[in-house]
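Read the structure below first, then the notes.
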Amino acid sequence: MKEFFSIFKINMSKTILILIILLSPMSFFSCSKNESYSRLAKGAGQGAYYSLFVRSFADSDGDGVGDLKGICSKLDYLESLGITGIWLLPIMPSHSYHGYDVDDYYSINPEYGTMQDFELLLAECKKRSISLIIDMPFNHSSVHNPWFVASRNPEDAHHSWYRWIEATDSRYNTNTSAMGHKLWNEDETYKGNFYAGEFSRSMPDFNHDNKEVREEFKKVMKFWLDKGVDGFRFDAAGHLYDLVKLSAGTSDGTSRAVDFWKEMVLYCKSVNSGCYCVGEVWDSSGIRAQYMKGIFSCFHFDMGDKYIISQINNENSVNNSFALMMENELKRYEEFNKEFTDAPFLTNHDQARAGGLLKGNLEKMKLAASMYILCQGVPFVYYGEELGMKSGALDQTKRTPFLWGDGMQTSWASEKDCIYNKETISKAEQEKDKNSLLNFYKRLIKFRNSRESFVGGKFAAYSLAGTKLNKDELSLISSWTMESDGESSLVLNNLGSKQIEFTLEQSWANAKAEFSTDGKNVPVKNGLVLLKPYSTLVLVQKK
């Protein structure tokens, strides 16, 4: 473009200058400060979701704890981010700070507000066409839940609601360990009776074979669906029938779990056909694929930390292995359920934050964002990821207060846990900087939700082997296509610190560059591409 404008030495008016830019055959793409995208992603299970820990998000009453009213007041922010759906981590009464040991499945944690506050949040979300799903821990409850309290008595009907065994039962070993602690916990009153607590002794595991338990779970889900929630995130979905807590000789744990979730999800869809359910199956891709038969959507574990982040840090695409892995795993999902929805994410509330793993490098954080948000399915953004928040290894450090910088920041977490974000730039400051990570996330998500190839398209690895790139240059690029009925998009990611220039095959010669990391004009002519360091470029063409 510099050569083009050097011809004109006269002092042109702004109007003429704009006309020349628009008419230039080289200017196929421009992202202005006021650029807007039309939103194609609508309804539950579409677009981009935001994973939100209520305790840490926004404090409306000054008590230091985030609450539902606080979220209500920040919906405009989430809308400006391009978010189309929210996943609330547990909102029910609990004795823990995280809420995954539920005391009452039909109530709101009083620290977060009232049921009226929740109903108001639902109403405000619907005004903005933002769907809302809530966390549903069905693997276990808390020891304070009335169901479990009653179950301690072997004569009570609730006893069979949980995984209780007797010390004399030879099918089990009461000394078995799970996740670094004893699995079986002896009751203090009824000696000789043990309950399973795979995650903790304070989290007793349900007996999912019990028909009464299943019917109660359906009542719980209908209660919340009738309130207006758009679906559920099922916690620990892959652990319901872990063999460690089943009787000796059992080998069908996975198939039993899949059948359970199929029953639950189909019930949800019978109440609300448009609801979206997504499961946490932290396991191999082969196991996740089987769960797609039951849950229809699962989080794509390993793609973020083990592939995207590690390859960016190593500045090597390892022969386009990320794209090839994604293609293979998505095909495997399709074998079990042709209507599956993938749920890609970078990191979540149980993992060290991406900002820390990428050492706060702005260019690399933008690149990582592009690589998961521009994949197939419904990407989930973990709150604060758009600011580059960091964490330590302990769970509390991964769930610290969102950095507003302009009020309503929570203060419940200890100073020690928050130390990792002492230098992280707040939302208020990042909004003022057009080149900030936050403003990049806004542009990226809105672009993604405006293109049919990303909203409903299919992923396929794309090989650049036919270009004249040398081996070293090829190792720097991660590339794939997204295809829908009406358009094709080619996603090119440069993982290295050097600029790469090459010519694409003829089928992409006339494609237009519709998105680039820096948002500046990207001249593309006859398939000639210039890929800047640590950047993403998206080419689009109509079919």
Side-chain angles (χ1 to χ4, degrees), residues 44-45 49-55 68 85-96 98-109 112 115 118-119 121-122 125 131-142 144-148 161-162 198-200 203-208 210 212-241 257-272 274-282 291 294-299 341 343 345 348-350 378 380:
Y49 273 63
Y50 196 77
S51 171
L52 193 160
F53 184 36
V54 181
R55 182 175 298 275
L68 299 171
I86 299 171
W87 153 32
L88 296 181
L89 274 67
I91 59 172
M92 301 157 193
S94 172
H95 276 63
S96 68
H98 52 72
Y100 280 103
D101 46 345
V102 176
D103 293 345
D104 179 1
Y105 284 87
Y106 295 95
S107 299
I108 296 290
N109 187 332
Y112 295 166
M115 188 62 75
F118 182 68
E119 290 166 352
L121 174 60
L122 283 167
C125 283
S131 60
L132 189 147
I133 66 174
I134 62 173
D135 221 314
M136 193 57 71
F138 276 166
N139 178 71
H140 50 260
S141 73
S142 82
H144 304 283
N145 190 297
W147 303 336
F148 179 74
W161 281 37
Y162 291 84
E198 186 173 0
F199 285 86
S200 166
M203 297 179 176
D205 292 349
F206 284 110
N207 172 17
H208 299 90
N210 187 299
E212 291 180 354
V213 168
R214 296 189 180 208
E215 291 307 309
E216 189 65 39
F217 285 169
K218 291 174 185 176
K219 290 178 184 177
V220 169
M221 292 187 295
K222 188 175 189 306
F223 173 83
W224 293 103
L225 288 169
D226 287 346
K227 286 288 180 185
V229 304
D230 296 287
F232 306 99
R233 178 264 187 183
F234 294 120
D235 175 59
H239 290 285
L240 271 57
Y241 285 90
V258 170
D259 288 343
F260 171 87
W261 288 119
K262 188 172 185 178
E263 180 181 338
M264 295 298 113
V265 171
L266 289 180
Y267 174 78
C268 286
K269 291 185 178 294
S270 74
V271 177
N272 177 359
C275 73
Y276 174 55
C277 296
V278 58
E280 180 196 25
V281 181
W282 200 333
Y291 274 85
I295 305 182
F296 293 74
S297 182
C298 292
F299 290 107
T341 299
F345 68 99
N348 68 12
H349 60 285
D350 289 320
V378 179
F380 278 73

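The first residue of the sequence shown is numbered 1, and numbering continues consecutively from there.
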Are the side chains of V258 and Y291 in contact, using a 4.5 Å heavy-atom criterion? yes
Atom pairs and distances, side-chain donor-acceptor, residues 264-272, under 3.5 Å, sequence neighbours left out:
unit_1: K269; atom_1: NZ; unit_2: C275; atom_2: O; d: 3.3
unit_1: S270; atom_1: OG; unit_2: Y267; atom_2: O; d: 2.5
unit_1: N272; atom_1: OD1; unit_2: G274; atom_2: N; d: 3.0

When rounded to the nearest 0.5 Å, the distance separating CD1 of I134 from NZ of K227 is 11.0 Å
What is the distance from atom CZ of F260 to atom OH of Y241, rounded to the nearest 0.5 Å? 7.0 Å
Using every non-hydrogen atom in the two residues, find where Y276 and S297 come nearest and quote the distance to one decimal. OH-OG, 2.8 Å
Only one of L240, D235, V102, V220 passes side chain to side chain contact (heavy atoms under 4.5 Å, CB included) with F138, and that residue is V220
For atom NZ of K218, decide whether the heavy atoms of other residues, nucleotides or ligands shown that lie under 6.0 angstrom number more than 12. yes
Spacing of L132 atom CG and I91 atom CD1 [to the nearest 0.5 Å]: 7.5 Å
By salt bridge (Lys or Arg N to Asp or Glu O under 4.0 Å), which residues pair with K219, not counting sequence neighbours? none
By salt bridge (Lys or Arg N to Asp or Glu O under 4.0 Å) - contacts of D230 (at least two apart): K126
Quick check against the 3.5 Å criterion: does E280 have a side-chain atom that pairs as donor or acceptor with the backbone of A236? yes
Any F148 side-chain heavy atom under 4.5 Å of D101 side chain: no
Is there a donor-acceptor pair under 3.5 Å between the side chain of W87 and the backbone N or O of R233? no
Of all the heavy-atom pairs spanning H208 and F206, show the shortest one and how long it is. ND1-O, 3.3 Å
Nearest heavy atoms of W224 and M92, plus distance in Å: NE1-CE, 3.8 Å
I'd like to know whether I295 forms a side-chain contact (heavy atoms from CB on, under 4.5 Å) with V278, so could you lay out the CA-CA distance, the side-chain angles of the two residues, the decisive distance to 0.1 Å, and finally the verdict. CA-CA 6 Å; I295 305 182; V278 58; 5.7 Å; no
Between the CD atom in E263 and the CZ atom in R214, the distance rounded to the nearest 0.5 Å is 5.0 Å
Supply the atom-to-atom distance F118 CZ to L68 CG, rounded to the nearest 0.5 angstrom. 7.5 Å
Close side-chain approach of N348 to F299, heavy-atom, < 4.5 Å: no
Does a side chain donor of either S142 or H144 reach within less than 3.5 Å of an acceptor in the other side chain? no
Is there a donor-acceptor contact under 3.5 Å from the side chain of N207 to the main chain of Y162? no
Find the distance between CE (M203) and CG (N145) and round it off to the nearest 0.5 Å. 12.5 Å
Which residues pass the ring pair (Phe, Tyr, Trp, His ring centres under 6.0 Å) test with F53, not counting sequence neighbours? none
Sequence neighbours left out, what passes side-chain hydrogen bond (donor to acceptor under 3.5 Å, both in side chains) with Y105? Give chain and number order. none
Nearest heavy-atom contact between L88 and I86 is CD2-CG2, 3.8 Å
What closest approach, in Å, do G45 and V378 show between heavy atoms, and which atom pair accounts for it? O-CG2, 3.2 Å
Looking at every heavy atom in both P137 and P90, which two are closest together, and how far apart are they? CG-CG, 4.4 Å
Backbone N/O of L89 and side chain of H98: donor-acceptor pair under 3.5 Å: no
Any side-chain heavy atom of V213 within less than 4.5 Å of one from W147? no
side-chain hydrogen bond (donor to acceptor under 3.5 Å, both in side chains) partners for H239, two or more places apart: D242
